[in-house]
Participant: 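Structure in structure tokens, see below.
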Amino acid sequence: QDTECQSQLSTWHGYVDWKNRPALTNRHGGLRAASFVLVVEVLENLAYLANASNLVLYFSEYMHFSPSKSANSVTNFMGTAFLLALLGGFLSDAFCTTYYIYLISALIEFLGLVVLTIQARSGSMKPPKCDLQAAPNVPCEQVHGAQAAMLFIGLYLVALGVGGIKGSLPPHGAEQFDETTPQGRKQRSTFFNYFVFCLAFGALIAVTFVVWVEDNKGWQWGFGISTFAIFLSIPIFLAGSPFYRNKIPCGGPLTTISKVLIAALLNCGASRNSTSAIASMTSSPSPPIPTGKECGKNSNGKEVGSIETPSTSLSCLNRAVSDTPACSALQCSVQQVEEVKIVMKILPIFACTIMLNCCLAQLSTFSVQQAASMNTKVGSLKVPPASLPIFPVLFIIILAPVYDHFIIPFARRVTKTEMGISHLQRIGIGLFLSIVAMAIAALVEIKRKRVATNSELLDSTKPLPITFFWIAFQYLFLGSADLFTLAGLLEFCFSEAPVSMRSLATSLSWASLAIGYYLSSVIVSIVNRVTGISTNKPWLSGSNLNHYHLERFYWLMCILSTLNFMHYLFWATKYKYRSARSSK
């Protein structure tokens with residue numbers, strides 16, 4: 001009788017509940033289901049950022065890495081974590097639902113944090129303590145052997161778990177909304193704004209309370225808190241199981257992309273040059289591929305009519321369907337070709353956000369070391385340098401609700417559009433703010449070194465007589481840039497991508513972070529090599545930050561960010577939204 005009753009209820013086609021039964025429109029999805037995702041994101045980002053924001057000091061003080069090696073190790077860890085989001089997104093689209101990918105990833109991150117907690121608690125699993133003041137001629141023993149293996153096994157288990165979570169949790173929350181209605185699309189936009197808000201709220205706890213615990217009570221307590229936070233997120237996520245609607249995987253998106261590209265490449269040959277290909281890439285939007293349909297059916301369960309004629313943009317890819325395939329396995333439909341075109345058009349926008357994330361990498365590396373060399377006291381309270389991200393975090397927490405409840409409604413009334421401020425405009429604002437941030441960072445470093453010179457403390461490790469609040473300015477602008485760009489890119493990739501590739505496309509937002517962190521390490525290495533050859537003294541090497549030419553590095557980042565912004569404007573002005581709708 002329950003089965004007959006359930007069959008009479010309206011269902012979400014292409015979606016199932018946690019027991020793999022058809023999801024019901026009056027029971028599954030909506031704000032209630034998405035609220036569990038938002039709470040989980042607070043705990044998940046708390047667990048991750050509590051360690052990532054302070055890890056550079058853990059490496060230098062307890063594992064005895066040099067400042068530059070500590071910075072590169074942190075950026076490599078964070079880059080790997082975010083790059084693995086692509087794996088989480090791919091698995092969510094191809095094999096498992098986002099529901100199961102999150103649970104598996106959370107357990108992996110929990111295991112990695114347990115390993116790090118055990119190592120931090122045991123003195124025999126770390127290098128011996130080092131006191132440069134008592135024994136200045138005795139070199140510190142860097143972590144090696146089994147100790148290093150334990151450190152990096154724990155660290156990269158955490159990275160694997162974080163990657164899976166980042167690749168599955170945002171699309172899982174966004175899939176709870178009915179995008180076939182204006183109300184559903186507006187609620188989805190609100191979800192992405194509050195997802196960044198919750199990410200910042202978790203970061204606020206991480207960079208204040210947890211970092212203070214790590215610096216004053218010991219790293220074993222800091223790792224322990226992170227372990228408890230990710231463990232607590234699992235039952236909270238499971239509590240929302242009766243309300244979730246889970247998208248049925250529609251097959252491997254990489255298979256479709258690879259098949260179309262290979263078929264087009266074999267058939268295309270050298271008939272078109274690269275200039276005309278780029279021109280056609282932005283000249284016209286792809287035909288609107290239905291977005292409310294899952295695996296070939298619309299919201300009413302009827303078959304979706306396939307696209308019969310390919311668009312003129314990226315016409316070289318049309319050879320995948322216009323010519324006879326080299327083998328039957330490479331036979332493509334027009335629908336598949338158009339979906340790949342959409343992904344190809346998203347990629348330049350994604351690539352332009354990498355430079356911003358390269359700048360953001362400095363918040364976890366050199367900026368923390370700058371603050372550590374300054375006066376971090378506020379009255380009688382000594383603020384840990386790794387708590388500096390509290391400035392952009394607080395600004396995001398304040399700005400996100402203001403943006404969603406005041407700025408966006410006002411923009412919608414003025415522009416008469418559903419979005420108000422487009423995704424690409426949000427991303428562009430973030431990229432511009434990153435330029436300002438790098439210029440401010442260079443000016444602050446000039447002031448910091450001038451104080452060190454005037455105080456005759458260039459060769460000393462004592463705190464400089466200048467407040468760390470000067471560093472807050474670059475944090476403020478970079479945090480604001482992150483809010484605009486991350487939320488804009490998440491929603492842009494999710495709303496523009498084909499349904500069968502949404503989790504993977506959304507993961508591009510995190511992959512941009514990953515490549516940015518890796519690029520930061522590469523730029524630091526290149527700068528050191530080039531300046532070491534030309535001046536015999538690399539800009540960013542040594543054990544004393546006062547001897548670095550960090551201000552020159554920041555000016556270089558400012559110039560690169562400006563060039564990147566100009567590159568972004570080229571693509572953004574030519575991009576044609578395939579899903580733009582007027583507000584109703």
Participant: Please report the interatomic distance CG(Leu560) to SG(Cys358), rounded to the nearest 0.5 Å.
Facilitator: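 Atom-to-atom, Leu560:CG and Cys358:SG are 8.0 Å apart.
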Participant: Ignoring hydrogens and geometry, is there a side-chain-to-backbone donor-acceptor pair from Asn528 to Leu540 under 3.5 Å?
Facilitator: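 Checking the backbone N and O of Leu540 against the side chain of Asn528, a donor-acceptor pair under 3.5 Å is found.
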Participant: Is the backbone of Ala400 close enough, under 3.5 Å, to the side chain of Asp404 for a donor and an acceptor to pair up by distance?
Facilitator: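 Not a single qualifying donor-acceptor pair exists.
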Participant: State, to 0.1 Å, how close Met374 and Gln370 come at their nearest heavy-atom pair, and which atoms those are.
Facilitator: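 For Met374 and Gln370, the tightest heavy-atom pair comes out as CG-O, 3.2 Å.
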Participant: Check whether any side-chain heavy atom of Trp510 lies under 4.5 Å from a side-chain heavy atom of Leu490, and answer yes or no.
Facilitator: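 Yes, close enough: below the 4.5 Å cut-off.
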Participant: Is there a donor-acceptor contact under 3.5 Å linking the side chains of Glu175 and Thr98?
Facilitator: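 There is no such pair (donor and acceptor under 3.5 Å, judged by atom type) between the side chains of Glu175 and Thr98.
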Participant: Mind checking whether Val444 and Glu551 have side chains closer than 4.5 Å, heavy atoms only?
Facilitator: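 Side-chain contact under 4.5 Å: no.
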Participant: So, the side chain of Asn375 versus the backbone of Thr467: is there a donor-acceptor pair under 3.5 Å, distance only?
Facilitator: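 No; zero donor-acceptor contacts below 3.5 Å.
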Participant: Taking all atoms of both residues into account, what is the closest heavy-atom pair of Leu116 and Leu151, and its distance?
Facilitator: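 Distance-wise, the nearest heavy atoms are CD2-O, 3.6 Å.
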Participant: Which atom names give the shortest non-hydrogen contact between Phe177 and Phe191, and what distance separates them?
Facilitator: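 What the structure gives for the nearest pair is CE1-CB, 3.5 Å.
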Participant: More than 12 non-hydrogen atoms from neighbouring residues, nucleotides or ligands closer than 6.0 Å to OH on Tyr156, yes or no?
Facilitator: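 Correct, the count exceeds 12.
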Participant: Are the side chains of Leu513 and Thr353 in touch, meaning some heavy atoms are under 4.5 Å apart?
Facilitator: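 They are not in contact (no side-chain heavy atoms under 4.5 Å apart), so the answer is no.
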Participant: Please report the interatomic distance CG(Leu204) to CD1(Ile396), rounded to the nearest 0.5 Å.
Facilitator: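 That separation rounds to 10.5 Å.
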Participant: Looking at Asp93 and Ser503, would you say the former's side chain and the latter's main chain have a donor-acceptor pair under 3.5 Å?
Facilitator: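 Side chain of Asp93 to backbone of Ser503: a pair is present.
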Participant: Can you confirm whether the side chains of Ser512 and Asn357 place a donor and an acceptor under 3.5 Å from each other?
Facilitator: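 Yes.
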Participant: Would you say the side chains of Arg448 and Ser373 form a donor-acceptor pair under 3.5 Å?
Facilitator: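 Checked: Arg448/Ser373 side chains pair up, N/O donor to acceptor below 3.5 Å.
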Participant: For a side chain to side chain contact (heavy atoms under 4.5 Å, CB included) check, start with the C-alpha distance between Tyr568 and Ile349, then their side-chain angles and the critical distance, and finish with the verdict.
Facilitator: CA-CA 7 Å; Tyr568 172 79; Ile349 303 299; 4.1 Å; yes
Participant: Ion pair present between Glu418 and Arg185, side-chain N to carboxylate O less than 4.0 angstrom?
Facilitator: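 Between Arg185 and Glu418 there is a salt bridge, with a charged N closer than 4.0 Å to a carboxylate O.
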Participant: Start with the C-alpha distance between Ser434 and Leu478, add both sets of side-chain angles, then the distance that settles side chain to side chain contact (heavy atoms under 4.5 Å, CB included), and finish with yes or no.
Facilitator: CA-CA 6 Å; Ser434 70; Leu478 277 176; 4.3 Å; yes
Participant: What's the separation between atom CG in Leu431 and atom CG in Leu569, rounded to the nearest 0.5 Å?
Facilitator: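 So the gap between those two atoms works out to 8.5 Å.
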Participant: Is it the case that the ring center of Tyr575 lies less than 6.0 angstrom away from the ring center of Phe570?
Facilitator: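 No: the rings miss the under 6.0 Å criterion.
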Participant: Between Gln425 (side chain) and Ser422 (backbone), is there a donor-acceptor pair under 3.5 Å?
Facilitator: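 The answer is yes, because a donor-acceptor pair under 3.5 Å joins these two groups.
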Participant: Locate the shortest heavy-atom distance separating His423 from Gly488; write the atom from each residue and the value.
Facilitator: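 So the minimum-distance heavy-atom pair works out to CB-O, 3.8 Å.
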Participant: Do Arg502 and Phe494 meet the cation-pi criteria used here (NZ or CZ under 6.0 Å from the six-membered ring centre, within 45° of the axis)?
Facilitator: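 Here Arg502 passes the 6.0 Å and 45° test against Phe494.
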Participant: So which heavy atom on Ala351 is nearest to which on Asn564, and how close?
Facilitator: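 In this case the closest contact between Ala351 and Asn564 is O-OD1, 4.5 Å.
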Participant: Any side-chain heavy atom of Phe553 within less than 4.5 Å of one from Val524?
Facilitator: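 Counting from C-beta outward, Phe553 and Val524 do come under 4.5 Å.
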Participant: Glu41 and Lys166: salt bridge (charged side-chain N to carboxylate O under 4.0 Å, His left out), yes or no, with the steps?
Facilitator: CA-CA 9 Å; Glu41 176 56 24; Lys166 298 297 187 186; 3.5 Å; yes
Participant: Could you measure the distance from the OG atom of Ser226 to the CD atom of Glu44? Nearest 0.5 Å is fine.
Facilitator: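 It comes to 11.0 Å.
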Participant: Above 12 or not: heavy atoms from other molecules or residues under 6.0 Å from CH2 of Trp555?
Facilitator: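 Yes, the 6.0 Å shell around CH2 holds more than 12 heavy atoms from other groups.
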Participant: Tell me whether Thr562 contacts the main-chain N or O of Cys558 through its side chain, where contact means a donor paired with an acceptor under 3.5 Å.
Facilitator: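 Yes, because the side chain of Thr562 sits within donor-acceptor range (under 3.5 Å) of the backbone of Cys558.
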Participant: Between Asp482 and Leu356, does a side chain to side chain contact (heavy atoms under 4.5 Å, CB included) hold up when you go through it step by step?
Facilitator: CA-CA 8 Å; Asp482 192 25; Leu356 164 66; 5.5 Å; no
Participant: With heavy-atom distances below 4.5 Å as the criterion, would you say the side chains of Phe484 and Leu399 are in contact?
Facilitator: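 Yes, their side chains come closer than 4.5 Å.
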Participant: Looking at side-chain heavy atoms only, is the closest gap between Phe366 and Tyr554 below 4.5 Å?
Facilitator: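 Yes - at least one pair of side-chain heavy atoms lies under 4.5 Å apart.
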Participant: What about the rings of Phe223 and Tyr58, do their centers lie closer together than 6.0 Å?
Facilitator: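 So the answer is yes for these two rings.
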Participant: Write down the atom of Phe201, the atom of Val42, and the distance for their closest heavy-atom approach.
Facilitator: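 So the two residues come closest at CD2-CG1, 3.8 Å.
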Participant: Could you give me the CA-CA distance, side-chain angles and deciding distance for Ile523 and Met557, then say whether side chain to side chain contact (heavy atoms under 4.5 Å, CB included) is met?
Facilitator: CA-CA 9 Å; Ile523 291 176; Met557 297 292 286; 4.3 Å; yes
Participant: Can you tell me if Ser189 uses its side chain to pair, donor with acceptor, with the backbone of Lys186 under 3.5 Å?
Facilitator: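 Answer holds: no.
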Participant: For the residue pair Tyr518 and Thr80, confirm or rule out a side-chain donor-acceptor distance under 3.5 Å.
Facilitator: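 There is such a pair between these side chains.
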Participant: How about CZ on Phe432, more than 12 heavy atoms from neighbouring residues, nucleotides or ligands closer than 6.0 Å, or not?
Facilitator: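 Not buried by this count: 12 neighbours or fewer within 6.0 Å.
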Participant: Going by heavy atoms in the side chains, are Cys359 and Ser561 under 4.5 Å from each other?
Facilitator: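 Touching, per the 4.5 Å side-chain cut-off.
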Participant: Between Tyr475 and Phe468, is the ring centre distance below 6.0 Å?
Facilitator: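 No, the ring centres sit 6.0 Å or more apart.
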Participant: What distance do Leu347 atom CG and Ile342 atom CD1 have between them, rounded to the nearest 0.5 Å?
Facilitator: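 Atom-to-atom, Leu347:CG and Ile342:CD1 are 12.0 Å apart.
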Participant: Taking the six-membered ring for Trp and the full ring for Phe, Tyr or His, determine whether the centres of Tyr194 and Phe197 are under 6.0 Å apart.
Facilitator: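 Close enough - the centres of the two rings lie under 6.0 Å apart.
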Participant: Rounded to the nearest 0.5 Å, what separates atom CZ in Arg426 from atom OG1 in Thr485?
Facilitator: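 Between Arg426 CZ and Thr485 OG1, I get 9.0 Å after rounding to 0.5 Å.
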Participant: Taking the side chain as every heavy atom from C-beta outward, state whether Gln474 and Ser367 have any pair of such atoms under 4.5 Å apart.
Facilitator: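 Contact flag for Gln474/Ser367 side chains = yes.
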Participant: Quick check against the 3.5 Å criterion: does Lys217 have a side-chain atom that pairs as donor or acceptor with the backbone of Trp212?
Facilitator: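 Not a single qualifying donor-acceptor pair exists.
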